[in-house]
Chemist: 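Pasting in a structure now, in structure tokens, and then I'll have a few things to ask.
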Amino acid sequence: MFLINCPYCGERDQSEFSCGGEAHIVRPKQPTELSDNQWAEYLFMRKNIKGVQFERWNHAHGCRKWFNMVRDTSNDKIHAVYKMGEKPPVE
Amino acid sequence: MTKFRVNKTKHVDQTKTVSFNFDGKSYHGFDGDTLASALLSNGVHLVGRSFKYHRPRGIMSCGSEEPNAICQINEDTDLTEPNVRATEIELYEGLKASSQNCWPSVNFDIGGINNFISPFIPAGFYYKTFMWPKSFWKKIYEPLIRWSAGLGKSPTKPDPELYDHKHVHCDVLIIGGGISGIIASKIAAKNNLRTILIEDKNILGGSTIFQKNENYKINNKYSSEWLDEEIAELQKLDNLTIKTRTSLAAYHSYNYLLAKENISDHLPLDKRNGDIRQRLWKIRADKVLVATGAIERPLVFNNNDRPGIMLANSVKKYLDFYGVSCGFNNVIFTNNDSAYETAVSLKEKGISVEIIDIRKKSNSKIVKNAEKLGVKIYWNSTIVNTFGHRKINSIEIMNLSEDGSNVVGDKNRINCDCLAVSGGWTPMVHMHTQSGGKLDFRENDQTFIPTEIDENHINVGSCNGDFELEEIINNTNKKVKNFLKVSETEFDNTSVLNSKELDKRNIWLLPNYISDGKCKSFIDFQNDSTAKDIKLALREGFKSIEHVKRYTTTGMATDQGKLSNMHALGIIADTAGVKMGTLGTTTFRPPFTPLTFGSIVGRSVGKFFDIIRKTSIHEWHSQNNAKFENVGQWKRPWYYPINDEGLHDAVQRESKAARDSAGILDASTLGKIDIQGTDASEFLNRVYTNAWSKLGIGKCRYGLMLNEDGMVYDDGVTTRLGENHYLMTTTTGGAANVLSKLEDYLQTEWPELDVYLTSVTDHYSTASICGPNSKKILTKIFPDKDFSDEAFPHMSYQNAKIDEINCRIMRISFTGELSYEINIESKYGKSLWEKCIEVGKEFKITPYGTETMHLLRAEKGFIIVGQDTDGTMTPIDLQMDWIVSKKKYDFIGKRSLYRSDTIREDRKQLVGLLTDDPNEVLEEGAQIVSDVNKKPIEMIGHVTSSYFSPNLNKSIALAVVKSGKKMNGQKLIVPMENKNIIVTVSDSVFLDKENKRIYA
């Protein structure tokens, strides 16, 4: 059970949060101009790597804000949390 | 006092007799005993039968590692519990316990025949045997396996006891109240850290608490005396919480731990008073110190499982702690020095003991001590067989060859009534690995030792591989100082005297003159797996430890391999000729010891299992005989039977009334989201498939929401309340998810939009009145309002007042009838409802529930998201092309509507179905086929909604069918168990295709 440092509320128990999958996948601005393959790339393809991963998290049972997290999926170490729109800290 | 109670100790109060019952026989023990020590004090060793071969088994240990002595307690009461370890049950007056896995009795067990046919039931027997013939499975194999599977009996009645959860935070959590845990607790608490010490036994002190031996002294006192004083001082520390009878269940990441506290399990049943039985502690600790100690290893030799064969340190504890001698003619079988402490304890009390040692010699102080006391030692020897059916009576020993791989010389038979074995010690690394820690293999004593993982978690004492007293005290002190950043402690100059162990000799599987295949050398006592099984698994090609474990079931019993895993690994390494450290270990998973379901769920039982949401009108529904159905967490009126009416009759009546005169529905549960902001219109444009920019203020519009994959996600009517203000309604079940999804897009994809979302579901109650007389009813409630089609057209809303209370009236319809929804603040919901009922009386206004609502909308072919859709339906599949804007550049899911998959014409599409027999009502979920003769029969769709319509006087159904759009008028078949029902594909709108009724 992680202890997550919500950028708006501070440290809270993982049970207050939900994970929204890989971060920094931007919704295409002009979806109609994409080929099926390009659209599928956006819609379905996720990395799900073992190692340092960028993830979206939501403080669902708290401030309800979305934010980003850098987490090592191999040992669950959270390296950083940062607000939506902010640049990821350079690894 | 029984003859086995040879010693008075301070831990067992021999003035307080406790009577108990085991396997139908009455016995006496004393206050302070465990069930195991009390049984041993009565000379009872045989307590159970093994799982597979039904071999007689006895108490083996004194703790949670016990594989054999598992009992059913308090059978025939509500409080019965299976699979509890006799070594962990504190004895109480009236305790009733019985053996498991034996029939008719532990002394004579029919299943014992398995022992004689054991050559025919090797590892993987079940996998290999119960494959054929196929027809045997249902009638013979499955009942047979079910009869013999499982341990103990589950209680059959609801658990009457209370369980609790507690959340705590602390600076330091110390797991284990042995000597290292006590030292660590004292240092932590004295340095102003909020400290919690948990210990699974009822008293602190671990195995040092009964160590009264000349060779082990601390500051010139016996180590037990020194520790007693330390424990007394601990009690005085303010910021230390000591929880005994509390066992750690799980160690999760970020120092989040679960521990189970036993509160009343040690009390007689009549003294429990309905108080809390167990409490699950959920602990978040800044720092965690693991001091869980070590478990003694058995030795693996032929017939090493007879009752009377026990772990050496347990024999010592029964003697020195409980005052019970497990035998009067003891033999110790060891490969290390620690078992000599048991020998010294026995000899000092005048009890006979001899030692078989596989080592060639040891010159340590404790060994010399034993020799001086006259203990006979057989060096370089091993046991090759044991005898005695229900209890051991003799052993056969031989000398070991130079390299230990074989036995040499003559067999020598020795009589004994108790065999104490010691194969060295295994650090309890479970907690460390559960938390994500890794292990290193230490060659010299063949142990896995924790490697440190981070600055907030350390292991101290024997769970960290420190086995000698001096190491334990000094290393614990040093590590704790470093860990807690403390510069000096009272333990800095502790003088420790102990015997140093100089020689070790590890042989995982002891050699024998009998061939492997004929030896019963048990590794996992509870699951009956032997060295032979492991070797067989390796021969059959299993290489990974995880596979061997599953194939042989080694380590998969309720003790989770606490005694067996190391030997299994060792024998695999030896047989495969690899280094043991390279094999790794199996995964240690929580819980460390089994948890009760009660402690897991805590108070979340019965009506507290889940939240129940009720509308403000709920009370009226109850009083008016409503039957409720669960919709999400909501209780919604399902139907309102009059007298003895069943569901069908009530729904037929309600449906007819709604179309003939007036019906009223509590629609308060529909999700309501208040949307405000200058970009609200643009936002709706992006989340709904249809266009919203041109919706006038005061107008309502139905919207369909898709997922980005193009599949229908939710639907509902949204009303424009003002220039920048909308009220969105969602499905009852989808409300929370829709809000989350919209928030997600707002916060992450479109942060530039000025839009604010607020859930107002609970703020407003909604009464929905429909039917040709609804306008008259509304006119009576709001006499000043003009309800003409011109002043108040369909799909529009107006503000209104009832007795100065503001409300909103929407003219919208989910039934196809003329229909109005009145929204009012929730606290007035019931008054509004009652008013509608009162005013509507002259029009026979009929309250209807969800079932009638479903029927009415099905007559009109309106979909219910989640019933007629299942996450794989696009709006095109639903034949709702009209709602998908062609002009809008983008909306959620638009691009997916022309992916190669979504434009297929043979997708399942929503159609209507009419049965040839108008009285035949289809079953929802029934499969649809076009040809029953072509095998295999192709399923081309299924029924999603089906009702008998009283208004059309025939059966109607909605269904999804492959290429259904093109099938209008075509006959299809719905095959049921006894018959094939012929149906005709029709339009999905069955009633009032011209939409005249909404203008009635």
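So you know, we letter chains A, B, ... as the sequences are listed, proteins then strands, and number each from 1.
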Chemist: Is there a side-chain contact between B:Leu739 and A:Arg64, using heavy atoms and a 4.5 Å cut-off?
Modeler: yes
Chemist: Can you say whether A:Gln14 sits under 4.5 Å from chain B via the side chain, the backbone, both, or neither, judging by heavy atoms?
Modeler: backbone
Chemist: At what distance, to the nearest 0.5 angstrom, does NZ of A:Lys65 lie from CD of B:Gln747?
Modeler: 5.0 Å
Chemist: Distance check, rounded to the nearest 0.5 Å: B:Arg284 atom CZ versus A:Leu3 atom CG?
Modeler: 4.5 Å
Chemist: Name the option with the most non-hydrogen atom pairs under 4.5 Å to chain A; the candidates are B:Ser896, B:Ser740, B:Ser900, B:Gly436.
Modeler: B:Ser896
Chemist: Heavy-atom distances under 4.5 Å only: say whether B:Phe891 touches chain A with side chain, backbone, both or neither.
Modeler: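 Just the backbone, heavy atoms under 4.5 Å.
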Chemist: Measure A:Ser35 against the heavy atoms of chain B and call it side chain, backbone, both or neither at under 4.5 Å.
Modeler: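 Only the backbone of A:Ser35 comes within 4.5 Å of chain B.
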Chemist: Less than 4.5 Å apart, any side-chain heavy atom of A:Ile78 and any of B:Tyr254?
Modeler: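 A:Ile78 vs B:Tyr254: side chains touch.
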Chemist: So, taking the atom named CD in B:Glu708 and the one named CZ in A:Phe44, what distance separates them when rounded to the nearest 0.5 Å?
Modeler: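 It comes to 10.0 Å.
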Chemist: Shorter than 4.5 Å, heavy atoms on both sides: which option in B:His252, B:Lys894, B:Glu749 has the most such pairs with chain A?
Modeler: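 Looking at each option in turn, the highest pair count goes to B:Glu749.
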Chemist: Check whether B:Tyr898 gets within reach of chain A through its side chain, its backbone, both or neither, counting any heavy atom under 4.5 Å.
Modeler: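 When you check distances to chain A, atoms from both the backbone and side chain of B:Tyr898 fall under 4.5 Å.
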Chemist: So what's closer than 4.5 Å to chain B heavy atoms on A:Glu11: side chain, backbone, both or neither?
Modeler: neither
Chemist: Relative to chain B, which segment of A:Asn68 carries a heavy atom at a distance below 4.5 Å: side chain, backbone, both, or neither?
Modeler: neither
Chemist: Does atom CD of B:Glu752 have more than 12 heavy-atom neighbours from other groups under 6.0 Å away?
Modeler: yes
Chemist: Is A:Met84 close to chain B through its backbone or its side chain, or both, or neither, when contacts mean heavy atoms under 4.5 Å?
Modeler: side chain
Chemist: Drop me the distance from B:Arg899's CZ to A:Leu43's CG, to the nearest 0.5 angstrom.
Modeler: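 B:Arg899 CZ to A:Leu43 CG: 6.5 Å, rounded to 0.5 Å.
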Chemist: To the nearest 0.5 Å, what is the distance between CG (B:Asp454) and CG (A:Asn75)?
Modeler: 9.5 Å
Chemist: To the nearest 0.5 Å, what is the distance between CG (B:Leu746) and CH2 (A:Trp66)?
Modeler: 12.5 Å
Chemist: For the backbone of A:Trp39 and the side chain of B:Arg895, can you confirm whether one donor and one acceptor N or O come within less than 3.5 Å of each other?
Modeler: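 Between the backbone of A:Trp39 and the side chain of B:Arg895 there is no qualifying donor-acceptor contact (under 3.5 Å).
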Chemist: At a 4.5 Å cut-off on heavy atoms, which part of A:Phe67 comes close to chain B: side chain, backbone, both, or neither?
Modeler: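 No part of A:Phe67 comes within 4.5 Å of chain B.
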Chemist: Any chance CZ of B:Phe608 has more than 12 other-residue heavy atoms, nucleotides or ligands included, within less than 6.0 Å?
Modeler: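 Open: at most 12 neighbouring heavy atoms sit under 6.0 Å from CZ of B:Phe608.
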Chemist: Is there a side-chain contact between B:Asp890 and A:Arg27 in this structure, where contact means two heavy atoms from C-beta onward sitting under 4.5 Å apart?
Modeler: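 B:Asp890 reaches A:Arg27 side chain to side chain.
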Chemist: Chain B heavy atoms under 4.5 Å from A:Ile25: which part of the residue, side chain, backbone, both or neither?
Modeler: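 Answer is backbone: N, CA, C or O of A:Ile25 sit under 4.5 Å from chain B.
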Chemist: Does any backbone or side-chain atom of A:Arg56 lie under 4.5 Å from a heavy atom of chain B? Answer side chain, backbone, both or neither.
Modeler: side chain
